[in-house]
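The structure appears below as structure tokens.
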Amino acid sequence: RSKKTANEAIRNSLNMKKNRVINTLELIDGFGNQFSVLVIYDNIMEEKELLKYNLDVEEINFRILEFDFNNKIEVEEKFGDKVLYKEQKIGKEYPYGTGYAVQLAVDEIRDDDSVLILSGDTPLIKGETLQKLLEEHIAMNSKATVLTAFINDTTGYGHIIKDNNGKFLKIVEDKDATIEEKRVKEINSGIYVFNGRALKNSITKIDQNNVQNELYLTDAIKVLVQDGEHVSTYKLDDIEEIYGINSKLQLFEAEKIMRYRINSEYMKNGVIMENPENTVIEKGISIGIDTFIGSGARIFGNTSIGENVYITGDSFIENSVIGNDVVIRSSYIEDSTVGDSVTMGPFAHLRPKSILKNEVHIGNFVEVKNSTVGENTKAGHLSYIGDAIVGKDVNMGCGSILVNYDGKNKHISEIGDGCFVGSNSNIVSPVKIANDTFIAAGTTVVSDIENEGSLIIGRSETFEKENWVYKKNLKIKK
């Protein structure tokens with residue numbers, strides 16, 4: 001697909017450098033067949049977002065070769081030493097084009113490979129479609145197979161030209177097509193399978209003799225046809241899979257499609273969604289049946305959610321385990337574990353390494369960090385529980401705070417079972433508080449409480465001076 005005009009407009013408006021990147025994935029299917037896969041990014045704006053979709057190839061295992069680009073650091077963090085990096089030089093002295101990108105990867109391709117080449121700005125292609133394409137390529141014993149589709153508006157796409165018997169002849173770019181060729185509705189998707197040896201031989205024979213002065217991958221197919229090699233096509237029925245992205249708007253549209261696919265699968269498996277179009281859930285998250293997810297919720301990472309959970313509002317959950325029968329209202333949960341029958345929110349925040357045991361209540365504006373909160377403990381509002389082990393059946397009053405930081409180090413406190421921590425109390429860590437301790441409102445605890453069942457009062461005595469306001473003429477007496 002030709003994208004020069006759109007990409008130049010985007011690049012000029014954002015003052016972007018012209019660059020491309022390429023991924024190589026080696027796939028092994030269930031039958032032991034080996035594939036190399038190239039994913040070519042052509043001047044796109046959102047490599048990171050597209051990458052996570054391009055690498056979703058269902059049950060196929062892969063090894064990746066990733067060419068340097070703006071989000072290389074993020075890719076390294078995600079894939080580590082799975083990825084072999086090569087740098088594609090940018091500058092006037094270097095060629096551009098999909099053909100050049102493939103040339104950089106030929107050393108990683110074996111002669112007997114089936115090489116699957118994808119376009120990095122078409123992230124909606126499905127793993128099952130790629131598998132069928134590869135199987136068709138092998139069955140037809142082709143040197144190259146082109147994934148094609150029939151569309152009404154072919155503007156900007158390469159046209160698939162065949163003879164009267166349906167034999168593949170060539171791909172003609174829309175800008176180079178004659179009036180008769182423009183009438184052909186079968187278009188090139190930009191996705192191909194090559195025999196490894198055929199690709200390596202043909203890719204060295206292409207040149208930059210074209211309007212854009214680039215190395216076209218489609219010219220490698222032209223070389224194969226001229227050499228009398230068999231080139232076939234495989235028709236894609238769902239053209240949505242080859243939806244291309246060259247702008248923020250198109251990225252948004254693609255995300256909507258992907259979101260619908262993912263959320264549809266969850267709903268088919270018994271999850272209830274108030275507004276699937278405004279609910280963002282990553283693929284691969286485990287969600288139990290009859291769980292309700294309200295509009296605006298966002299759920300990511302290595303997260304699992306139990307059955308009959310109720311999540312509403314602007315809730316955010318990442319890398320966390322949520323039990324059964326939990327209620328979460330407009331709350332943030334990060335790298336934490338929530339037991340069964342817990343209620344949270346609105347506006348509660350679990351920071352990393354927090355554990356809420358069964359039937360805990362964390363109310364509005366309560367923050368928990370690196371703490372374990374025991375069964376049936378309640379912190380109704382405006383509290384901070386940081387670096388603490390809180391027992392079961394504890395009441396944390398409004399404004400109670402675990403003072404865990406001394407300016408240099410964090411310290412851990414332990415609160416025993418059945419304790420009552422009054423409003424506006426401070427527990428200055430590190431301390432241990434015995435079971436069934438009653439801490440009066442306004443108390444600051446700075447040392448261990450060793451005896452169970454004690455009353456702790458640490459506030460100042462209250463004095464009353466009669467008529468003091470009037471003697472000072474601060475207010476006129478009625």
Side-chain angles (χ1 to χ4, degrees), residues 20-41 54-55 57-67 79 81-89 94-95 97-120 125 127 129-148 167-171 188-208 214-234:
R20 289 183 175 81
V21 295
I22 175 174
N23 300 333
T24 305
L25 291 74
E26 181 180 290
L27 309 186
I28 300 177
D29 68 10
F31 302 100
N33 296 316
Q34 192 161 264
F35 310 111
S36 293
V37 181
L38 312 179
V39 184
I40 300 170
Y41 289 84
N54 286 133
L55 297 185
V57 286
E58 306 298 335
E59 300 300 323
I60 305 175
N61 298 316
F62 54 84
R63 177 176 66 83
I64 309 164
L65 174 70
E66 178 70 52
F67 280 77
F79 298 104
D81 57 8
K82 283 184 179 181
V83 180
L84 304 175
Y85 298 94
K86 289 188 178 181
E87 183 178 0
Q88 181 175 339
K89 302 293 184 181
Y94 301 105
T98 53
Y100 174 58
V102 173
Q103 285 181 352
L104 293 174
V106 292
D107 291 341
E108 305 297 327
I109 298 171
R110 291 172 288 270
D111 287 350
D112 58 351
D113 276 351
S114 292
V115 184
L116 174 61
I117 300 179
L118 310 177
S119 178
I125 191 72
T129 299
L130 301 182
Q131 190 69 54
K132 290 177 182 178
L133 174 63
L134 288 164
E135 292 170 355
E136 177 75 9
H137 172 78
I138 294 170
M140 296 296 292
N141 196 26
S142 299
K143 297 302 180 184
T145 303
V146 184
L147 182 67
T148 69
K167 180 181 177 181
F168 176 87
L169 296 178
K170 59 183 176 179
I171 300 172
N188 174 25
S189 69
I191 297 174
Y192 318 88
V193 185
F194 283 83
N195 166 266
R197 180 181 299 160
L199 177 60
K200 289 195 289 185
N201 290 338
S202 61
I203 203 68
T204 61
K205 298 177 182 179
I206 64 176
D207 57 42
Q208 297 171 252
E214 295 184 353
L215 292 171
Y216 291 157
L217 177 58
T218 50
D219 284 347
I221 295 176
K222 180 180 178 181
V223 169
L224 291 177
V225 173
Q226 290 173 346
D227 290 346
E229 302 288 6
H230 177 52
V231 177
S232 60
T233 60
Y234 179 76

Would you call Thr145 and Leu133 a side-chain contact if the rule is heavy atoms closer than 4.5 Å? yes

Are Leu130 and Leu118 close enough that some pair of their side-chain heavy atoms sits under 4.5 Å apart? yes

Polar side-chain atom of Ser202 near backbone of Ala198 as donor-acceptor pair, under 3.5 Å: yes

Would you tell me whether Thr148 and Thr233 have side-chain atoms, one donor and one acceptor, within less than 3.5 Å of each other? no

Minimal non-hydrogen separation, Tyr234 against Lys132, with atom names: OH-CB, 3.4 Å

Would a 4.5 Å heavy-atom cut-off, applied to side chains only, mark Ser114 and Ile138 as touching? yes

Minimum heavy-atom separation for Ser232 and Met140, please, with both atom names. OG-CB, 4.4 Å

Does a side-chain heavy-atom distance below 4.5 Å link Val231 with Lys167? no

Measure the spacing between CG of Asn195 and NZ of Lys143 and express it to the nearest 0.5 Å. 4.5 Å

Compare every heavy atom of Val115 with every heavy atom of Gly196, then report the nearest pair and how far apart it is. CA-CG2, 3.9 Å

Which pair of heavy atoms, one from Tyr216 and one from Ile206, lies closest together, and at what distance? O-CD1, 3.5 Å

Checking the side chain of Gln208 only, and the main-chain atoms of Pro95 only, is there a donor and an acceptor separated by less than 3.5 Å? no

Does any non-hydrogen side-chain atom of Tyr192 lie less than 4.5 Å from one of Leu116? no

Here the gap from Leu169 atom CG to Ile221 atom CD1, rounded to the nearest 0.5 Å, amounts to 13.0 Å

Does the pair Lys222/Asp219 count as a salt bridge with the N-to-O cut at 4.0 Å? no

Under the salt bridge (charged side-chain N to carboxylate O under 4.0 Å, His left out) rule, what pairs show up with a residue in residues 194-206, not counting sequence neighbours? Asp111-Arg197, Asp111-Lys200, Lys205-Asp227

Taking all atoms of both residues into account, what is the closest heavy-atom pair of Ile203 and Ala220, and its distance? CD1-CB, 4.1 Å

Are any side-chain N or O atoms of Asp113 and backbone N or O atoms of Arg110, one a donor and one an acceptor, separated by less than 3.5 Å? yes

Determine whether Leu217 and Tyr100 make a side-chain contact, defined as any pair of heavy atoms from C-beta on separated by less than 4.5 Å. no

NZ (Lys170) and OG1 (Thr218) are apart, to the nearest 0.5 Å, by 12.0 Å

Within the structure provided, determine whether Phe168 and Val225 are in side-chain contact (heavy-atom separation under 4.5 Å). yes

For Leu147, is there any backbone N or O sitting under 3.5 Å from a side-chain donor or acceptor partner on Ser189? yes

Kindly indicate whether the side chain of Gln103, heavy atoms from C-beta on, has any atom under 4.5 Å from the side chain of Leu215. yes

